[in-house]
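Below, chains carry the letters A, B, ... as their sequence lines are ordered, and counting in each starts from 1.
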Amino acid sequence: MIEAIGVTKQFRGDGTEVVTAVDNVSLSIFSQQIVVLTGESGSGKTSLLSILGALSRPTSGAVHILGRDVNNCSGVELARIRRHIGFVFQSFSLLPRLPAWENVTWPLIPLGVPQARRFDLAGQMLERVGLRRKSESRPEQLSGGEQQRVAVARALVASPRILLADEPTSNLDTRAAERLIEIFREIHTDGVTLVFSTHDPRLIALGTQVFEMRAGQLKCV
Amino acid sequence: MNLKDKVVMRRFVEIFRAGQTSVLIDPVRSVATFTVLLVMLVPFLVGIGISDGLRLEESAAINSGGDLYVSGSRFGQSSPLPASMAEELMTIDGVLGVVPRIIGLTKIGRDHVAAVIVGLPEAAFPDAVRCVSGRLPGNAAQHELVVGTALAKHLKVTIGSQLPPFYRNPEGERTSVIVGMFESRIPFWQSQMMLTTVESAQRIFAQPDSVTDFVVYCRQGYSESVRVEIQRTVRDSAARDTLTQLNVRSRESLSEQILSDRFQKLGIFTLQFVVAFVCGLLVILVTSGYGQTERRREIGILKATGWQTDEVLLKAFVECLLISVTAAATSIAIAFLWLRVLDGAGIVGFFISGVDVFPGFPVPFRLLPVPAMVAFVVALSITLSGSLYTSWQYAIVPPDEAMR
């Protein structure tokens with residue numbers, strides 16, 4: 001499903017200092033696996049997830065997602081790859097002035113899904129994450145945990161083949177986190193490949209493959 | 001329509017809806033852009049509307065006027081002609097009638113209000129002038145005048161008012177008396193004209209037996225031959241008598257002259273609009289800059305969730321289109337009200353000199369489709385230049401960078 005070969009990601013820090021967030025990482029993720037990335041904050045988990053989700057290109061190395069070499073993909077091809085990937089951002093990344101249901105269905109717009117159908121799908125997804133009654137609420141009217149669940153609903157709405165989630169339970173209370181983990185189990189059963197970055201032992205326990213990141217390098221646990 | 005076309009069409013419809021939603025996502029930015037467009041477009045539409053209206057009125061006035069206009073000049077300046085020339089003009093084959101006119105400029109009162117005194121034979125008072133109160137002037141010795149209602153309002157005079165001496169002639173200073181007021185569908189007549197008899201006007205300007213020009217009415221198809229004949233015969237006699245150069249202008253050439261003057265005024269107005277356009281563009285660029293972090297993040301989210309760059313741009317285009325259409329439509333409505341209810345207040349002075357901020361008479365106007373289209377295109381160009389480029393810049397960077 002996803003193959004990273006010698007992937008390095010560098011950022012230019014203050015002045016001329018170059019920061020290596022991901023350092024020569026090679027990784028293969030197969031269909032229906034649950035891959036967990038653990039590691040301290042700043043170890044490069046989010047950067048690696050971004051590369052695996054085609055949200056950024058590596059500075060060097062190759063990434064193949066769903067059989068396509070990301071480095072050689074056009075913008076349109078990358079967008080099409082992203083339509084098969086659901087991404088749950090650590091900071092939720094919801095559109096602040098849109099109600100929850102519209103936030104959830106935003107990825108369906110370029111697919112041409114009619115508004116009424118989108119509304120139904122949003123209802124189903126929000127039901128799944130336990131937020132049906134908050135479908136008209138805007139992000140500012142939701143707690144951090146609720147926003148996280150809206151973000152999960154958005155990541156799932158287009159029936160992705162791969163779900164990448166960056167610290168998905170970090171903002172949730174115990175009950176909500178357990179409900180979310182249950183959802184992840186369900187979608188995994190439906191055949192979705194899952195990739196998490198997390199510190200949550202319950203999610204780590206879910207992993208079929210667990211890696212630890214240290215200073216940008218990946219180690220199999 | 002096959003299935004593929006249907007999918008593409010549905011995709012466009014949904015992106016269009018998303019653009020509609022986006023206008024509401026950031027109401028402050030949308031309202032600021034909308035307001036800047038209104039501030040620019042409304043005066044433009046009002047000005048163009050007045051210009052078109054006046055042009056139509058002037059054309060109608062010229063068409064209902066004489067066929068030829070005979071005036072005199074010396075050293076390139078207008079000079080009077082002998083009133084007796086009317087008889088000579090009447091002898092030319094094809095001439096139906098000759099109306100002597102006196103058109104003189106003066107300033108009245110402490111405020112030096114510009115006024116045009118028009119002297120005409122009683123029988124030739126124009127149809128476009130309707131006496132709404134009082135009577136038409138008659139007694140030349142009394143210097144009787146009728147004034148346009150707007151000018152009367154400006155001068156604060158009523159029927160029976162004595163106008164203080166505004167001219168001096170060898171007979172000394174004389175007052176004039178207002179005997180009537182008129183309304184005319186030609187606005188600058190209302191705002192500037194004082195109508196009197198030829199004899200009164202000759203006395204007022206101390207030019208006995210002189211007129212400023214003649215309006216010549218010709219039999220159909222004779223206009224050109226009469227013009228040639230006037231230039232051939234009357235010119236010579238006029239030159240002998242008065243050393244005055246004769247100018248004979250046809251209705252068409254007068255119309256062209258007025259059109260050219262109107263275009264000149266319109267050109268000045270449009271130039272001012274261009275300045276406003278540039279200022280508006282700058283303001284929109286600034287207001288677009290306001291909230292750019294949010295916009296950049298929004299585009300990053302769209303890209304991360306599978307939107308293509310062209311889809312992001314299409315959505316941005318729809319936003320601009322909706323704001324532009326709304327702004328242009330609202331501008332047309334406000335411009336109409338401005339023209340109909342406020343008589344083009346504040347802008348009419350660009351086109352008719354000597355008019356108050358609130359003219360107080362119905363200003364002719366026409367809101368034509370072309371200026372309305374121009375307003376829309378201008379609005380769209382401004383919003384696009386403020387939005388499309390920045391959207392494109394954000395759409396081509398990797399989503400995680402745009403969202404950062």
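- B/E311 and A/P110 get closest at one heavy-atom pair: OE1-CB, 3.2 Å.
- The main-chain N or O of A/I109 is never found under 3.5 Å from a side-chain atom of B/W307 such that the two would form a donor-acceptor pair.
- The nearest pair of heavy atoms linking B/E14 to A/G112 is CG-C, 4.0 Å.
- For the atom pair B/T21 OG1 and A/E102 CD, the distance stands at 4.5 Å (nearest 0.5 Å).
- Separating the CG atom in A/L94 from the CD1 atom in B/I301 is a distance of 7.0 Å, to the nearest 0.5 Å.
- Going from atom OG of A/S91 over to atom CZ of B/R297 covers 6.5 Å, rounded to the nearest 0.5 Å.
- Counted within 6.0 Å of CD on A/E186, heavy atoms from surrounding residues, nucleotides or ligands total more than 12; the atom is thus considered enclosed.
- Among all heavy-atom pairs drawn from B/E294 and A/P96, the shortest one is OE2-CG, 3.9 Å.
- Within 6.0 Å of atom CZ in A/R97, more than 12 heavy atoms from other residues, nucleotides or ligands are found, so the atom counts as buried in its surroundings.
- In this structure, A/S56 OG and B/E401 CD are separated by 9.0 Å, a value rounded to the nearest 0.5 Å.
- In this structure, A/R83 contributes its side chain and B/G306 its backbone to a donor-acceptor pair below 3.5 Å.
- For the options A/L78, A/V76, A/I81, A/L108, heavy-atom pairs under 4.5 Å to chain B are most numerous at A/V76.
- Residue A/S50 touches chain B through its side chain alone, counting heavy-atom pairs closer than 4.5 Å.
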